[in-house]
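Report on the structure given below.
Sequence positions, counted from 1, serve as the residue numbers for this chain. Side-chain atoms are counted along with the backbone in the values below, which use heavy atoms only and exclude waters and symmetry mates.
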Amino acid sequence: MTPAPASADEAESWVRGELIRSLMRSARGSYLVSAALMPAMVGLSWGHVPRWELLTWLAAGIIATACRAWGARVYAVRYAGRSAVAQQQFTDRYGFVWSTSAVVWGCSVLLFFERTPQVNQFMSWLIVAGVGTFPLNGLALHPPLLKRYVNTLFITMLGAVLVRLVAVTMQHPHFQYGYLMPLLPALHWFLLLRAGRNIHETARNSLELLFHNHILIKSLTQQRQAAVSAVAMKNRFLASAAHDMRQPVLALSLYADWLRNEPELVLELAPKIVRATHAVNALFDSMFDLARIDAGQVRLHIERVDVAELLHDLELQYRPVAESRGLDFRVHVTEGSFLTDPIRVRRMIGNLLANAIKYTTEGGVLLAARQTREGMRVEVWDTGIGIAPEHLRDVFLEFYKVADHAGTSDGFGLGLAIVARLSHVLGHPVSVRSRLGSGSVFRVALHDADEAVAQARVSASGG
């Protein structure tokens, strides 16, 4: 059995495909049973029917059996492992192989009806009835094929019965009772189609139940994995937060004790206390920002933002920081505007600039806006330490800091995590390209944000 599909939209196609696969599995070798009954049919009529008729019918039966074997081989080689659409194509193209067998067995009535002794006729009728009933469980899995086989068999059979009745009546004008004979095949015909319909419904219901069970199990598995991941993330978040908070808090404690014991060092210790306090405040601010986004408590205000004005505001804020570290800060402006939350998009790009400045020791940082075929894009280039390919995805995780990277010791690893959250909420995809030791470029696609969609994403984060 092929794997169940992931969505309900694919369920109907999958069920149809599985029904045909089950049909072909149940049909394996069934044509051999049919072929084995042919000599018995010939034997029951031997000595009562001209040999050339029997041998002609037997030759036709061998050809029909060969067609069935050929069809089974074609399915095994070309279709068995393919999609549900391919399964349907097989039955449409090769359904005639069942029809050839049905025609041969329907014509068998010409051999024995009113030509052999009553006992032989009875046995022959049993064989024909068995040939019609035996494949029912398999063919019922695909109703078009069942109807094609059963209709062909009984139409041919009834035609043969009528031919024999006309021939007998011409020889025996007072022969009357035989005209009641077509009633029994007609009844059998009706019962086979009715039983096939019931078998098909049962099989279909079983496969649909299997599909829904698969979806339920998959959903429960995903929820369990999500819960486990959330717990692991929460534990990692708390452990990292505690680790990163310990250093500035410990520093504050040491500076406070030092200042209490040596008040005359106040001018030397005050700046250190201020830096440690700022570090603690920055950590708490970042943690609160993440918590608000994850809890769905961010209220967005979407409006049209001018790109040139946005870059100018960011330049005013970050140029002094870059120049204080001896870095060149350049801006390339392209005119344009887009819909977004101005505060959040400024926070996104600001975090990228802060990271670029932090991890660049020489050279500079470029803040650029470019018009592309996909729309407006803001890029942040730096000539810093770069990021190895294996770390590119992980840098957007909370508290993730690349080991042995200069500049990571004084960071908390939350800036890019906030960028990733806001990128998802606002619909501004972020991409990164970097070369270790040469620098990095972060690109933000400034697609127009939809306020309803963005707010729904915020709410989903909290859910």
- Passes side-chain contact (heavy atoms from CB on, under 4.5 Å), L220 versus L216? Steps please. CA-CA 6 Å; L220 292 175; L216 178 60; 4.1 Å; yes
- Message: Between M157 and V128, does the side-chain contact (heavy atoms from CB on, under 4.5 Å) criterion hold? Intermediate values first, please.
- Response: CA-CA 9 Å; M157 185 191 306; V128 175; 3.3 Å; yes
- Carefully, step by step, assess L19 and H142 under the rule side-chain contact (heavy atoms from CB on, under 4.5 Å). CA-CA 7 Å; L19 286 171; H142 190 58; 5.9 Å; no
- Message: What verdict does the side-chain contact (heavy atoms from CB on, under 4.5 Å) test give for N151 and W189, after you've listed the backbone C-alpha separation in whole Å, the side-chain angles of each residue and the deciding distance to 0.1 Å?
- Response: CA-CA 8 Å; N151 292 345; W189 186 358; 2.9 Å; yes
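The minimum heavy-atom distance between S434 and S440, with the atom names listed, is OG-OG, 2.7 Å. Across L436 and A388, no two heavy atoms sit closer than the pair CD1-N, 3.7 Å. When all heavy atoms of A60 and V104 are compared, the pair lying nearest together is O-CG2, 3.7 Å. Residues L339 and D448 share a closest heavy-atom pair of N-OD1, 2.9 Å. Listed here is the closest heavy atom pair of F442 and I387: CZ-CD1, 4.2 Å. Heavy-atom minimum distance, L23 versus G138: CD1-O, 3.0 Å.
Residues satisfying the ring-ring contact (aromatic ring centres under 6.0 Å, His included) criterion with W105, sequence neighbours excluded, are W57. With sequence neighbours left out, R435 forms a side chain to side chain contact (heavy atoms under 4.5 Å, CB included) with S438. Legend: residues meeting side chain to side chain contact (heavy atoms under 4.5 Å, CB included) with V33, ordered by chain and number and at least two apart, are F134. Every residue meeting the side chain to side chain contact (heavy atoms under 4.5 Å, CB included) condition with T334, not counting sequence neighbours, appears here in chain and number order: H332, A369, Q371, M376. Shown here are the side chain to side chain donor-acceptor pair (under 3.5 Å) partners of D92, two or more places apart in sequence or in another chain: Q88. Under the rule for a ring-ring contact (aromatic ring centres under 6.0 Å, His included), the partners of F112 that lie at least two apart in sequence or sit in another chain are W125.
Sequence neighbours left out, the pairs with a member in residues 42-62 that pass salt bridge (charged side-chain N to carboxylate O under 4.0 Å, His left out) are E53-R115. Residue pairs meeting the ring-ring contact (aromatic ring centres under 6.0 Å, His included) criterion with at least one partner in residues 334-356, sequence neighbours excluded, are F338-H428. Applying the salt bridge (charged side-chain N to carboxylate O under 4.0 Å, His left out) definition to pairs two or more places apart or across chains, those involving residues 188-214 are E12-R204, R204-E208.
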Report all side-chain donor-acceptor pairs from residues 67-79 shorter than 3.5 Å, counting only partners two or more places apart or in another chain.
residue	atom	partner	partner atom	Å
R68	NH2	S30	OG	2.9
Y75	OH	Q87	OE1	2.7
Y79	OH	R93	NH1	3.0

All N/O donor-acceptor pairs, side-chain side in residues 41-48, below 3.5 Å, sequence neighbours left out:
none

Please output the side-chain donor-acceptor pairs of residues 95-102 that fall under 3.5 Å, not counting sequence neighbours, one pair per line with the distance.
residue	atom	partner	partner atom	Å
S99	OG	R148	NE	3.2
T100	OG1	V97	O	2.6

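Between the side chain of T360 and the backbone N or O of I357 there is no donor-acceptor pair closer than 3.5 Å. Without hydrogens or angle criteria, Q121 side chain to E114 main chain gives a donor-acceptor distance under 3.5 Å. Judged purely by atom type and a 3.5 angstrom limit, E379 has no side-chain atom pairing as donor or acceptor with the backbone of R443. The closest donor-acceptor contact from the side chain of S423 to the backbone of V419 lies at 3.5 Å or more, if one exists at all.
Within a 6.0 Å radius of CD1 in I343, other residues, nucleotides and ligands contribute 12 heavy atoms or fewer.
Using a 4.5 Å cut-off on side-chain heavy atoms (C-beta onward), N351 and L416 make no contact. Proximity of M348 to V430: side-chain heavy atoms (C-beta onward) are separated by under 4.5 Å at one or more points. For the pair V307 and E335, the minimum side-chain heavy-atom distance is 4.5 Å or more. The shortest side-chain heavy-atom distance between L192 and H188 falls under the 4.5 Å cut-off. Contact annotation: the side chain of L446 never approaches that of T340 to less than 4.5 Å [non-hydrogen atoms, C-beta and beyond].
Note that CG of L314 is 5.0 Å distant from CG of L310, once rounded to the nearest 0.5 Å. Atom OG of S206 and atom CD of E18 lie 12.5 Å apart (nearest 0.5 Å). In this structure, the separation between CG on D382 and CG on N355 is 9.0 Å, given to the nearest 0.5 Å. The CG atom of L58 sits 10.0 Å away from atom CD1 of I63, with the distance rounded to the nearest 0.5 Å. Rounded to the nearest 0.5 angstrom, L422 CG and D341 CG are separated by 8.5 Å. The distance from atom CG of L207 to atom CZ of R21, rounded to the nearest 0.5 Å, is 11.5 Å.
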